[in-house]
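Notes follow once the structure below has been shown.
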Amino acid sequence: MFVLTIKTKIKKPERLITLLVFALLLIGGIVYVICDGGSSTAVCKGVGEYSLKFATDRDKQRFLSTFNAEGTLVTIDSVKIPQEFNKVYEDYNKLQKKMGLDLDKYRGTTAKRFVYETEDEMYVSVLTHKGKVIACHKCTNIYGDKFQSLC
């Protein structure tokens, strides 16, 4: 444990308040960057608890093998998650919730999508944000039709 003492000769209270607000914003920013607030694991019926890490090649291989969904990377692109969900996104998020995921907290953000083609000619899409899985599904078409859970 350490104690930080700052002695200042600021006489005007406005300057002191400005300095304190700046310090609090700086600390808050650091905490936000270090702790993104989300869990690093999720749970679904089929596999139990699984890791959401998807930053390194090893993370990606481990995630895909958890669901027996190994395949060849076909494409990487970006997907804008809408602020307001329509029926398709509502249904898609219900599928995600069954896997222990939830897109609600990612409304309005841009996700990175990795699409893999598996040996059984299915496509597995994994949506990530800051190196973590936020959604995933499999389907028969590269851009999605009749999404299926990986669990």
Side-chain angles (χ1 to χ4, degrees), residues 1-4 6 17-151:
M1 184 174 126
F2 70 93
V3 176
L4 176 65
I6 299 175
I17 290 171
T18 302
L19 181 65
L20 289 173
V21 168
F22 177 75
L24 288 173
L25 288 173
L26 182 63
I27 291 168
I30 291 169
V31 169
Y32 177 78
V33 169
I34 292 172
C35 309
D36 65 4
S39 175
S40 61
T41 61
V43 178
C44 71
K45 263 186 182 176
V47 298
E49 186 173 20
Y50 62 96
S51 174
L52 297 176
K53 293 180 184 176
F54 208 80
T56 67
D57 287 338
R58 184 179 173 119
D59 293 340
K60 294 169 187 172
Q61 191 276 329
R62 185 177 296 138
F63 179 84
L64 293 169
S65 67
T66 298
F67 300 100
N68 296 317
E70 296 92 343
T72 304
L73 182 63
V74 176
T75 187
I76 302 171
D77 58 9
S78 295
V79 176
K80 177 75 173 181
I81 299 168
Q83 187 68 38
E84 297 297 323
F85 286 0
N86 61 16
K87 172 94 169 95
V88 173
Y89 264 93
E90 289 293 341
D91 292 345
Y92 186 68
N93 202 31
K94 285 179 187 174
L95 180 77
Q96 299 311 310
K97 288 179 180 181
K98 290 179 183 176
M99 293 189 60
L101 304 171
D102 189 355
L103 281 175
D104 280 327
K105 55 187 159 187
Y106 298 99
R107 290 175 184 250
T109 63
T110 300
K112 195 172 196 180
R113 176 174 50 193
F114 297 82
V115 181
Y116 297 86
E117 185 175 12
T118 64
E119 288 182 15
D120 60 354
E121 297 180 11
M122 294 289 286
Y123 291 90
V124 173
S125 293
V126 181
L127 276 64
T128 67
H129 184 66
K130 295 184 180 180
K132 283 180 32 181
V133 175
I134 60 171
C136 55
H137 67 273
K138 63 182 175 182
C139 56
T140 58
N141 184 308
I142 192 168
Y143 291 110
D145 62 348
K146 299 180 184 171
F147 302 120
Q148 301 171 28
S149 174
L150 296 183
C151 289

Apply side-chain contact (heavy atoms from CB on, under 4.5 Å) to the pair I76 and R113, showing each step before the final yes or no. CA-CA 6 Å; I76 302 171; R113 176 174 50 193; over 6 Å; no

Verdict with supporting geometry, K45 and C151, side-chain contact (heavy atoms from CB on, under 4.5 Å): CA-CA 7 Å; K45 263 186 182 176; C151 289; 5.8 Å; no

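Y123 contributes atom OH, which lies 11.0 Å from atom OG1 of T75 (distance to the nearest 0.5 angstrom). Rounding to the nearest 0.5 Å places NE2 of H137 at 11.0 Å from CE of M99. The CD atom of E119 lies 8.0 Å from the OG1 atom of T72; values are rounded to the nearest 0.5 Å. Distance check: K112 NZ to S78 OG gives 7.5 Å after rounding to the nearest 0.5 Å. Atoms SG and CD, on C44 and E49 in that order, are 10.5 Å from each other to the nearest 0.5 Å. To the nearest 0.5 Å, atoms OH (Y50) and OG1 (T66) are separated by 9.5 Å.
Of all heavy-atom pairs spanning L103 and I134, the tightest one is CD2-O, 3.8 Å. Of all the heavy atoms in G100 and A42, the pair that sits closest is O-CB, 3.6 Å. Counting all heavy atoms, side chain and backbone alike, G71 lies closest to Y116 at O-CD2, 3.8 Å. For the pair V124 and A69, the tightest heavy-atom approach, listed with the atom from each and the gap, is CG2-CB, 3.8 Å. Here the shortest heavy-atom pairing between E121 and E117 reads CA-OE2, 4.5 Å. Residues K138 and L150 approach most closely at CB-CD2, 3.8 Å, considering heavy atoms.
Remark: side-chain polar atoms of T56 are paired, donor with acceptor, to backbone N or O of D59 under 3.5 angstrom.
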Kindly list each side-chain donor-acceptor pair under 3.5 angstrom involving residues 80-87, sequence neighbours excluded, with atom names and distances?
unit_1 : atom_1 : unit_2 : atom_2 : d
K80    : NZ     : G108   : O      : 2.8
N86    : OD1    : V88    : N      : 3.1
N86    : OD1    : Y89    : N      : 2.9
K87    : NZ     : D91    : OD1    : 3.1
K87    : NZ     : D91    : OD2    : 3.0

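Residues L52 and L101 form a side-chain contact, since some pair of their non-hydrogen atoms from C-beta on lies under 4.5 Å apart. Taking 4.5 Å as the limit, some side-chain heavy atom of V115 sits within range of a side-chain heavy atom of S125. Using a 4.5 Å heavy-atom threshold, the side chains of K97 and D104 count as touching.
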